[in-house]
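Heavy atoms only: backbone and side chains are in, while hydrogens, waters and symmetry mates are out. Being a predicted model, the structure only gives us computed values, none of them experimental.
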Amino acid sequence: MADLAKREIRTRFAPSPTGDLHVGNIRTALFDWAYARHTGGKLIFRIEDTDRERVTDEYIARAIDTLKWLGLNWDEGPEVGGSYGPYLQSQRLEIYSEWANTFLKNGDAYNCYCSTEELEARREAQRQANQAPGYDGKCRSLTGEEISRYQAEGRKPVIRMRMPDGETRFTDLIRGEVVFEHKYVPDFVLMRADGSPLYTLAVAVDDVLMKVTHVLRGEDLLSSTPRQIRVYQAMGVAPSDYPEFAHLPFVMGTDNAKLSKRNGEVSIAWYREEGFLPEAICNYLALLGWSPGDDRENITMEELVQLFTIERVNSSPARFDMKKLEAINGDKIRALSIEDFLERALPFLITSKAITGSDAQVSLVKKALPIIQERIVRLKEVIPMLSFLFVDQVEFDANSGAKIGEADAQKVVAAALESLEPVSDWSHTHIETALRNSLIDGLGLKPRNAFGPVRIAITGSHISPPLFESMELLGRERCLSRLKSAIR
RNA sequence: GGCCCCGUCGUCUAGUGGCCUAGGACUCUGGCUUCUCAAGCCAGCUACGAGGGUUCGAAUCCCUUCGGGGCUGCCA
């Protein structure tokens, strides 16, 4: 490396508060985080709330909560501070204003008095004439006389950036060299008449001032890059100090549309409520647009940090696949220690009111977890899986209810009851022995037909955790009483 | 319309001129195991969008074409 005194790598995650953090946002945040951690750099968390219309306090609190839950920490930003703050754009308005005025003074920008209606009319005309719609430069060089006239009319100007002739050329770390001819990049607005900044101004100013070295963001921002670079120029930043850009491919829904609220579940909060593990979400999302390069797919956050490089990021969009997320989530659940599993599962049981959380219940849950661990793919499933242990009486689903009423089933349940009553050592091995003796040997049934009715009587469903273990957990008295009440 | 980006199994991907009769994972199908459901194991289906080049040789390089997406705002 020629440049040994390479500046510290600084990435930033800069969402705008338009709703809960979603899958696409988080994938970007994850890559920003992983890259910063991989390089020993810093991650800046910044809120792009230039649009004051939007309420942001609650949004920010939720975003912070989500990021923390996922295990994505930041070095500068809300809660932690930093030397380049504030990190809320709504608190940096004077900074943008000063820069816009500097641009004005230097002739890089100019006041534009065109009204929205006028602009729209002219754009329409351009479209009619089959020209590329965009600002036509009408106010680029207004005379003093024209300016006075506009002001007399009461017009308030916006500040518009002057795009010089030529082209912008930059190397995207994911896509390679990209060129935009300026004739396709019209003069753009930096600041509204009321003095509020636009994204293009704020994002560029902040990235420079916060010394961001690598901008990793969605590819929808690719074509706005020349405008940002134009702002860097106007700020007097040397080209060698421009941030590097890496435009990440989209995360799309199962159809070919961009993943959105209308198209699959996007809110990370939803995944959390369903019982997806944060490390599973991160693991899966990391695989959307990136791969470790070998056949590994189940990776830890540590491995992600160790292996993540921008060179290995793909340039083509990826479709979000719930099935694969579930597969990874299932793997991660199975790998949990019982203590960890318990800690994560308990909130689901309690908020659903399946249990109140008493010591007795918690210890029963803990004993039951090993037999359901490999049977669930989302933590939320512990609720239906274990609820038979905590209800006074099982409710049969339609199918199972009918089945247990059949004559054959009734015979089985009766025989099971009879063979179980003498069993005092209520361990699953003794239960199994008694049932095999009476049903398999005694009645000559196939295991499947023998244990089915018992399973229904005990758990309420023909699908359940392993029967004998379930019975041991339920306890002798409750098992016998359930068998009795299943007999009609 | 213009500009820009993208194009390997259904999906996520490996692949950077020969190791590719294209590998892995998820899904799906069949089987084994089995007290149900899972888990596990085994097997199988299925892909380089198309057409031209370059080369002894192309998924990999070039061109064209088709398809998808983004942008084209006083949204971000």
Side-chain angles (χ1 to χ4, degrees), chain A residues 14-18 48-51 53 112 114-116 119-120 123 126-127 130-135 156-160 172 174-176 178-181 183-186 188-194 196-200 202-203 217-226 247 249-250 252 254 256-258 284 287-298 312 314-328 330-331 334 371-377 385 432 435-436 439-440 446-452 454-456 459 461-470:
Chain A
S16 62
T18 51
E48 311 242 303
D49 57 345
T50 52
D51 190 339
E53 301 281 303
C112 171
C114 298
S115 70
T116 311
L119 290 172
E120 188 41 53
R123 259 197 293 271
Q126 285 170 324
R127 275 189 283 263
N130 222 338
Q131 292 170 330
Y135 189 68
K156 292 269 189 278
V158 301
I159 299 176
R160 202 178 273 277
D172 184 278
I174 293 171
R175 287 148 215 285
V178 183
V179 185
F180 288 90
E181 292 182 55
K183 62 179 171 182
Y184 303 118
V185 186
F188 55 97
V189 175
L190 295 167
M191 188 159 274
R192 298 187 184 89
D194 67 0
S196 62
L198 275 98
Y199 168 79
T200 326
V203 72
R217 38 134 68 148
E219 70 163 289
D220 50 333
L221 269 351
L222 183 59
S223 43
S224 84
T225 306
H247 287 94
F250 285 128
M252 301 193 300
T254 20
N256 240 4
K258 209 176 147 184
Y284 175 63
L287 264 18
L288 252 31
W290 174 86
S291 79
D294 51 29
D295 287 339
R296 261 185 292 187
E297 292 214 318
N298 189 327
R312 294 214 55 84
N314 248 74
S315 53
S316 52
R319 252 130 318 238
F320 185 88
D321 181 6
M322 184 74 79
K323 281 285 200 320
K324 181 131 184 179
L325 205 213
E326 288 184 329
I328 290 177
D331 282 344
R334 269 168 250 136
I371 64 171
I372 64 164
Q373 189 163 23
E374 67 188 21
R375 273 161 241 274
I376 66 170
V377 102
M385 206 60 100
E432 177 167 5
L435 288 176
R436 281 190 187 279
L439 306 179
I440 311 285
K446 287 184 177 165
R448 157 183 216 100
N449 298 326
F451 303 129
V454 181
R455 181 188 308 285
I456 293 173
T459 69
S461 170
H462 63 285
I463 298 174
S464 82
L467 181 60
F468 315 121
E469 285 85 346
S470 295

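Taking the side chain as every heavy atom from C-beta outward, Phe250(A) and Glu219(A) approach each other to under 4.5 Å. No side-chain heavy atom of Arg296(A) sits under 4.5 Å from any side-chain heavy atom of Leu287(A). Pro249(A) is not listed as a side-chain neighbour of Leu288(A), based on a closest heavy-atom distance of 4.5 Å or more.
Using atom P as the reference point in both U8(B) and G1(B), the two lie 24 Å apart (nearest Å). Distance check on atom C1': C45(B) versus G52(B) gives 32 Å, rounded to whole Å. Annotation: U60(B) and A14(B) have their P atoms spaced 16 Å apart (nearest Å). Comparing A38(B) with A76(B), their P atoms are spaced 49 Å from each other, to the whole Å. Nucleotides G23(B) and C9(B) place their P atoms 14 Å apart, quoted to the nearest Å. A distance of about 45 Å separates the C1' atoms of G51(B) and C41(B), rounded to the whole Å. The gap from the P atom of A59(B) to that of G2(B) amounts to 33 Å, rounded to the nearest Å. Atom name P, nucleotides U27(B) and A39(B): the rounded distance is 8 Å, in whole Å.
In terms of modelled atom types and a separation under 3.5 Å, the side chain of Tyr284(A) and the main chain of Ala327(A) share no donor-acceptor contact.
The residue Arg312(A) sits close only to the backbone: its heavy atoms come under 4.0 Å of sugar-phosphate atoms, none of a base. Among the protein residues, Pro317(A) comes within range of the sugar-phosphate backbone only, with heavy atoms under 4.0 Å from sugar or phosphate atoms but none that close to a base. Pro465(A) comes within 4.0 angstrom of a nucleotide base, judged by non-hydrogen atoms across all strands. Within 4.0 Å (heavy atoms only), Leu221(A) reaches at least one base atom of the nucleic acid. Using a 4.0 Å heavy-atom cutoff across all strands shown, Val158(A) reaches at least one base atom of the nucleic acid. Gln126(A) comes within 4.0 angstrom of nothing in the nucleic acid, heavy atoms only. Across all strands shown, Gly218(A) has no heavy atoms under 4.0 Å from either base or sugar-phosphate atoms.
Distance from the side chain of Arg192(A) is smallest for C74(B) among the nucleotides C74(B), G10(B), C35(B). The side chain of Leu198(A) approaches A76(B) more closely than any other nucleotide in the set C37(B), A76(B), C12(B).
The interatomic distance linking Leu467(A) (CG) with U36(B) (P) rounds to 11 Å, in whole Å. Between the CZ atom of Phe250(A) and the P atom of C6(B) there is a distance of 13 Å, given to the nearest Å. Across the protein-nucleic acid pair, Ile372(A) atom CD1 and C37(B) atom P stand 18 Å apart, rounded to whole Å. Between Ile456(A) atom CD1 and C37(B) atom C1' there is a gap of 13 Å when expressed in whole angstrom units. Atom pair Met322(A):CE and C12(B):P shows a separation of 15 Å (rounding to whole Å applied). Rounded to whole Å, the distance from CZ on Phe451(A) to P on C37(B) is 14 Å. For the pair Lys323(A) NZ and C12(B) P, the interatomic distance rounds to 15 Å; values are reported in whole Å. Here U34(B) presents its C1' atom at 16 Å from CD1 of Ile371(A), a figure rounded to the nearest Å.
Looking at residues two or more places apart in sequence or on another chain, you find a ring-ring contact (aromatic ring centres under 6.0 Å, His included) between Phe468(A) and Phe451(A). For Glu326(A), the side chain to side chain donor-acceptor pair (under 3.5 Å) partners at least two apart in sequence or on another chain are Arg378(A). Residues satisfying the salt bridge (Lys or Arg N to Asp or Glu O under 4.0 Å) criterion with Asp331(A), sequence neighbours excluded, are Arg334(A). Residues meeting the side chain to side chain contact (heavy atoms under 4.5 Å, CB included) test with Asp172(A), sequence neighbours left out: Phe170(A), Ile174(A), Arg175(A), Val178(A), Leu222(A), Phe245(A), His247(A). Here Arg160(A) pairs with Tyr110(A), Cys112(A), Leu119(A), Tyr135(A), Asp187(A), Val189(A) under the side chain to side chain contact (heavy atoms under 4.5 Å, CB included) rule; sequence neighbours left out. Residues passing the salt bridge (Lys or Arg N to Asp or Glu O under 4.0 Å) test with Glu120(A), sequence neighbours excluded: Arg123(A), Arg127(A). With sequence neighbours excluded, the residues satisfying side chain to side chain contact (heavy atoms under 4.5 Å, CB included) with Arg312(A) are Trp290(A), Ser291(A), Thr309(A). Checked against salt bridge (Lys or Arg N to Asp or Glu O under 4.0 Å), Lys323(A) has no partners two or more places apart in sequence or in another chain.
An OP1 or OP2 oxygen of A14(B) is reached within less than 4.0 angstrom by a side-chain nitrogen or oxygen of Asn314(A). Residue Ser224(A) has no polar side-chain atom (N or O) positioned under 4.0 Å from OP1 or OP2 of C71(B). Put simply, Arg319(A) has no side-chain N or O that comes within less than 4.0 Å of OP1 or OP2 on G7(B).
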Quick tally for nucleotides 39-46 of chain B: nucleotides whose base has a protein heavy atom under 4.0 Å get B, sugar-phosphate-only ones S, the rest -, giving SS------
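With a cut-off of 3.5 Å on both Watson-Crick or G-U wobble distances, the partner of C75(B) is given as none. Both distances falling under 3.5 Å, in either a Watson-Crick or a G-U wobble arrangement, place C3(B) opposite G70(B). Pair assignment for U54(B) gives none, since no Watson-Crick or G-U wobble pairing has each distance under 3.5 Å. Pair assignment for C35(B): none, as no Watson-Crick or G-U wobble contacts are both less than 3.5 Å. Pairing for G44(B) is with C28(B), a Watson-Crick or G-U wobble pair whose two hydrogen-bonding atom distances lie under 3.5 Å.
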Which atom pairs link the protein and nucleotides 59-65 of chain B when you take only N or O atoms and keep those under 3.5 Å?
none

Give me the distances for all protein-to-nucleotides 1-5 of chain B N/O pairs that come in under 3.5 Å?
| from | atom 1 | to | atom 2 | distance (Å) |
| --- | --- | --- | --- | --- |
| G1(B) | O2' | Asn130(A) | OD1 | 3.2 |
| C5(B) | O2' | Arg175(A) | NH1 | 2.4 |

Between the protein and nucleotides 19-24 of chain B, list the N/O to N/O atom pairs that are separated by less than 3.5 angstrom.
| from | atom 1 | to | atom 2 | distance (Å) |
| --- | --- | --- | --- | --- |
| G24(B) | N2 | Glu297(A) | OE2 | 2.8 |

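Rounding to the nearest 0.5 angstrom, the gap separating the CD1 atom in Ile371(A) from the OG atom in Ser470(A) is 4.0 Å. Rounding to the nearest 0.5 Å places CZ of Phe188(A) at 10.0 Å from CG of Leu198(A).
No side-chain donor from either of Thr459(A) and Arg455(A) sits under 3.5 Å from a side-chain acceptor of the other.
Across all their heavy atoms, Arg192(A) and Pro197(A) have their closest contact at NH1-O, 3.6 Å.
A donor-acceptor contact under 3.5 Å is formed by the side chain of Arg455(A) with the base of C35(B).
Applying the side-chain contact (heavy atoms from CB on, under 4.5 Å) test between Ile372(A) and each of Ser464(A), Pro465(A), Pro466(A) identifies Pro465(A) as the sole match.
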